Amino acid sequence: MRTLLDKLWDDHEVLRRDDGASLLWVDRHLVHEGSHHAFAKLKARGGRVAEPGLTYGVVDHYAPTRGPAASPAIVRMIQTLERNTDAHGILCFGLEDPRQGIVHVVGPEQGLTLPGLLINCGDSHTSTHGAFGALAFGIGATEVAHVLATQTIWQKKPKSLRMTVTGSLGPGVGAKDIALAWIAKLGADGARGHAIEYTGDAVTGLSMEGRMTLCNLSIEGGARFGMIAPDEATFDYIAGRPFAPEGADLDRAVDTWRRLPSDAGAVFDREETMLATDIAPIVTWGTSPEDALPVTSTVPDPSRLNGSEADRARAALDYMGLVPGRALTDIQIDQVFIGSCTNARIEDLRAAAAVLAGRRSRVPGLVSPGSHQVKAQAEEEGLDRVFTDAGLDWVGSGCSMCVAMNGDAVESGKRCASTTNRNFRGRQGRGARTHLMSPAMVAAAAVAGRLADVRPLLEGRDAA
Amino acid sequence: MSGWSRHNGTAVALDLESVDTDQLIPARFMSTPRSEGYGGFLLHDLRFGSDGEALADFPLNNTPEASVLVTRRNFGSGSSREAAVYALVDFGIRAVIAPSFGDIFASNAVNNGLLPARADTATVDSLIGYLAGGPAKAHVDLDRGMAEIGGVRVRFDLDAVWREKLINGWDDIDLTEQHRPAISDYRNWRAESQPWAFPAERAAGSSTDAQPSK
Ligand code: SF4
């Protein structure tokens, strides 16, 4: 009786030391501009990349989304990646490459991400790829250097946590809301030390895009791994992708993948359950993803909390410029951002466009598709015009305002409704105030000029 | 990296929950080469005002010799940026004591000789209360899993693998090299039995019209 985690772990374990650390084989290693420290470490030892054919580079963190790079330092970061990948014979999806995009969008899109693989990237949202039934986790620079040099990683097996979400999601409620709901319930460190397997009909009913959003946010609840057992939806998504197996190879692969789901009687270290019907559209009010509430609530009152929790809430409200007791829907925003590896796939853009169609945004904003390919698809569907007609900027793909490294930033004191994953202080720029929510909810906020419940705006429309 | 098993230094309290890696080092500093030193970036936007002036009441500003940080839950949550650890290490911090750490941060810390010591919340509460009066002498002992801060004894949790790594200053790449034969056996087995796990050749090598390579 083994869990999905057990099976993936066993399949990748080269050896296990007496102290319990496993040496695991890495099937795909994704690098980006931030990997410069790791390449420098490798160079310092005079080492070579062990498996250039299993290593892929993507320009995303510093990718300019409008015109040329904003500073010489940014140009240097991008060139350093391209120099490093060239020097080691690694394929790199550079700015001009039609396959470029955010690393966690590109991997699945290109068929590099498959069930049963172990995928590493020097980025905490690598858990995204777990949506395919892969063992995918973010690593630091020393570990990146180790993977470059050996194509393996030392890791202690995490505990298993099964998160079951049952029932049907209401209109205007999606994967982002499921994720923020559980993070609010368990805390930003609630799943620390665990690998989460998401299951239940509310999860299996999600599209691959939705599953990726859910797994992406695992790290915001403290889990390094998030995963979903592969099924027909997974196999359908993969078929025909450029790097995916085809023909007899694919059939053979699918046979293997069908054996990955947790066995019926498998025991998990921990179980958590949620009812989909209890989940409303959610927004964050503070500076941690755990500071999340249904949009129908009011700003929490720190005096009702105790000790360090109250202190943290007070500091968060101070930073966010919010008053306890006010309705969340009274909070005026200055701008919106639709993008990031959490919510910039085609389905996310469709969901936002479904709300924005025929409406104007009261505030300026940026829409940055997750990849060149998503951009092309959206333009084919006319979504770009929905956004520009609403008054938003339709820009190139990259991490953009998710991490504010490429020059796209929220100004100090400004309030942004954002589809990203972190409302940390200064994440979107020094002094920036971020409210996290789904793409549909960001669209609703744009239309209202304040945080807003998307549900009334969907009446009489097809929510995408 | 050299190992260590005992450290004598100065402890300060950082009385904040969930100090994430974006706080530890704001992203805009991360294009700097490590050789320039990351200590000045540590907690930059909390330590310095918008004009760049050091905020007098921030603990690290009046205790530049601090080497042990006592702080609250969920320290180092967020991104995998190892630069957060570089900023701490380059500032001179050798150990952080907190009730919980971000998982990726904790592994990054150990890879750079920085101890992420997990202590129970009550102990951390009392330590932070004690350090509210100012910095105190600290002694950290990895072998015994104990720290002593201003006379308060603290037992901390540390994974056995991590303890060994910190004490010996091991470089994982060197360790792994010893396992070359096992790794290549594994690779052969995988290529043989699961060829689909290797990217399709057409994509890796040649290009097609639909998917031009660069
Ligand atoms: S979009 Fe944001 S979270 Fe995702 S990889 Fe880029 S910086 Fe990281």
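Below, chains carry the letters A, B, ... as their sequence lines are ordered, and counting in each starts from 1. Because the structure is a prediction, the values reported are computed rather than measured.
If you measure heavy-atom distances from A:Ala141 to chain B, the contacts under 4.5 Å come from both the backbone and the side chain. Interface residue A:His37: only side-chain heavy atoms are found under 4.5 Å from chain B. Contact of A:Arg427 with chain B is made through backbone and side chain together, with heavy-atom distances under 4.5 Å. For A:Ile139, the part lying near chain B is the backbone, with the side chain staying farther off; criterion is any non-hydrogen pair under 4.5 Å. Heavy atoms closer than 4.5 Å to chain B are found in both the backbone and the side chain of A:Arg425. Of the atoms belonging to A:Pro115, it is backbone heavy atoms, and not side-chain ones, that fall under 4.5 Å from chain B. Looking at A:Glu51, the atoms closer than 4.5 Å to chain B (heavy atoms on both sides) all sit in the side chain, from C-beta outward. Of the two parts of A:Thr150, the backbone and the side chain both hold a non-hydrogen atom closer than 4.5 Å to a non-hydrogen atom of chain B.
Classification of the B:Phe198-A:Trp25 ring pair by plane angle, with boundaries at 30° and 60°, yields tilted.
Residues B:Ser107 and A:Arg224 have side chains that bring a donor and an acceptor to within less than 3.5 angstrom of each other.
Among residues 113-124 of chain B, the residues having any heavy atom closer than 4.5 Å to a heavy atom of chain A are, in sequence order, B:Arg118. Below 4.5 Å, heavy atoms of chain A meet heavy atoms from B:Ser50, all part of residues 50-61 of chain B.
A salt bridge is defined here as a Lys NZ or Arg NE, NH1 or NH2 lying under 4.0 Å from an Asp or Glu carboxylate O, and B:Arg73 with A:Asp189 meets this definition.
Using modelled atom types, one side-chain atom of A:Arg28 and one backbone atom of B:Ala197 make a donor-acceptor pair closer than 3.5 Å. Not one N or O on the side chain of A:Arg312 forms a donor-acceptor pair closer than 3.5 Å with the backbone of B:Ser18.
Counting only heavy atoms from C-beta outward, the side chains of B:Met30 and A:Tyr62 approach each other to under 4.5 Å. A:Thr142 is listed as a side-chain neighbour of B:Glu82, based on a closest heavy-atom distance under 4.5 Å. Inter-residue side-chain proximity for A:Arg17 and B:Glu164 is flagged as unmet; no heavy-atom pair is nearer than 4.5 Å.
Of the listed residues (A:Gly193, A:Gly34, A:Ala50, A:Gly20), the one with the most heavy-atom contacts under 4.5 Å to chain B is A:Gly193.
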